[in-house]
Amino acid sequence: SRVGWQGSAGKDLYASFAVFFKLLIRAGIQYFRQSIALLNPKDGSVIASYRTTTTDFCNCATPAVSTDGRIFISHTGGDGSTGLKFDGTSLAQEWNARDLGLLYNSGVPWGKNALMVFNDSMRGVNEMRCLDLATGKDLWESSEVDKGTAILSDGHLIVLSTKGEV
């Protein structure tokens with residue numbers, strides 16, 4: 001195997017690399033200590049970035065991308081969760097929910113423009129939300145499901161709780 005490109009030495013990276021397609025732009029999304037950036041997968045150059053501060057030992061959810069170019073970012077730092085819109089050249093904030101922070105699970109896409117998330121900003125409280133990616137508003141919320149990790153399979157949300165229950 002060969003390395004196509006690599007980041008600069010000494011740059012802190014957080015979360016998993018996510019793939020993004022919008023118009024004819026193909027990019028990867030990556031957290032850095034002071035920003036999140038859309039990167040050109042051919043050479044690693046920055047296409048667009050948005051300033052957000054993460055901290056050492058911060059949990060950063062893998063960014064979620066909707067079909068219309070909206071990007072959901074969340075980490076356990078003070079910013080909570082933010083909805084970004086990519087217009088072809090820049091990233092702009094559309095909304096912010098400081099009371100929503102993801103820890104164990106990245107959001108699970110639900111339909112065209114929604115995301116299932118567990119709110120980990122409040123320790124010891126179960127809160128699952130279905131979030132509208134365009135507005136950041138809750139479509140619904142439930143405290144009946146224990147926090148954990150989730151996947152969507154054949155139209156069913158399957159949750160493995162932090163207690164080991166499915």
Side-chain angles (χ1 to χ4, degrees), residues 12-41 46-152 155 157 159:
D12 296 323
L13 302 178
Y14 302 91
S16 297
F17 194 73
V19 178
F20 177 81
F21 297 94
K22 167 93 167 113
L23 303 171
L24 296 177
I25 294 179
R26 182 180 305 162
I29 305 170
Q30 184 64 61
Y31 269 106
F32 295 92
R33 184 184 296 261
Q34 300 294 324
S35 67
I36 188 165
L38 296 182
L39 304 176
N40 184 327
V46 174
I47 297 169
S49 66
Y50 175 79
R51 183 161 178 74
T52 183
T53 302
T54 59
T55 58
D56 288 341
F57 308 108
C58 168
N59 288 293
C60 300
T62 299
V65 180
S66 69
T67 56
D68 63 355
R70 288 186 166 87
I71 300 169
F72 171 84
I73 61 171
S74 183
H75 55 79
T76 55
D79 290 343
S81 297
T82 303
L84 303 174
K85 180 75 174 183
F86 179 63
D87 65 7
T89 59
S90 63
L91 287 167
Q93 178 180 311
E94 289 193 307
W95 55 266
N96 177 262
R98 287 190 181 274
D99 68 332
L100 176 62
L102 278 59
L103 177 62
Y104 296 109
N105 187 41
S106 296
V108 177
W110 188 270
K112 182 181 172 188
N113 208 29
L115 195 67
M116 299 297 301
V117 296
F118 287 102
N119 187 4
D120 294 306
S121 67
M122 301 176 295
R123 307 286 182 188
V125 175
N126 291 326
E127 183 181 290
M128 178 186 221
R129 297 182 189 184
C130 184
L131 191 69
D132 182 326
L133 287 176
T135 65
K137 304 287 184 206
D138 295 339
L139 299 172
W140 58 262
E141 182 180 316
S142 173
S143 61
E144 296 177 19
V145 179
D146 287 340
K147 290 180 190 176
T149 60
I151 61 169
L152 184 63
L157 188 68
V159 177

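Residue numbers start at 1 and run along the sequence shown.
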What residues form a side chain to side chain contact (heavy atoms under 4.5 Å, CB included) with [X], not counting sequence neighbours?
| X | answer |
| --- | --- |
| N113 | S66, D68, R70, D132, L133, A134 |
| L152 | V108, W110 |
| A92 | none |
| D99 | A97, R129 |

Item to check | Taking every non-hydrogen atom, the tightest pair across G136 and L131 | outcome: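 For G136 and L131, the tightest heavy-atom pair comes out as O-CD1, 3.1 Å.
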
Item to check | side chain to side chain donor-acceptor pair (under 3.5 Å) pairs, two or more places apart, involving residues 133-142 | outcome: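 Residue pairs with at least one partner in residues 133-142: there are none.
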
Checklist entry - Rounded to the nearest 0.5 Å, how far does CG of N126 lie from CZ of F118? => result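 So the gap between those two atoms works out to 8.0 Å.
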
Item to check | From CA spacing to verdict: side-chain contact (heavy atoms from CB on, under 4.5 Å), V65, F86 | outcome: CA-CA 10 Å; V65 180; F86 179 63; over 6 Å; no

Checklist entry - So among I71, I73, L100, which one has a side-chain contact (heavy atoms from CB on, under 4.5 Å) with T82? => result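 Exactly one pass, corresponding to I73.
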
Checklist entry - Is any side-chain heavy atom of L157 less than 4.5 Å from a side-chain heavy atom of M128? => result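 In contact.
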
Checklist entry - Are any of the side-chain heavy atoms of P109 and L115 separated by less than 4.5 Å? => result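 P109 vs L115: side chains touch.
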
Next on the checklist: Strictly distance-based, threshold 3.5 Å: is any side-chain N or O of N96 a donor or acceptor partner for the main-chain N or O of S81?
Outcome noted: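 Yes, N96 side chain to S81 backbone: donor-acceptor pair under 3.5 Å.
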
Item to check | K147 side chain vs E127 backbone, donor-acceptor pair below 3.5 Å | outcome: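 Side chain of K147 to backbone of E127, a donor-acceptor pair under 3.5 Å: no, none is there.
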
Checklist entry - After noting the C-alpha distance and the side-chain angles of L84 and Q93, does the key distance pass the side-chain contact (heavy atoms from CB on, under 4.5 Å) rule? => result CA-CA 5 Å; L84 303 174; Q93 178 180 311; 4.3 Å; yes

Item to check | Contacts of type side-chain hydrogen bond (donor to acceptor under 3.5 Å, both in side chains), residue S90, not counting sequence neighbours | outcome: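 S90 satisfies side-chain hydrogen bond (donor to acceptor under 3.5 Å, both in side chains) with D87 only.
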
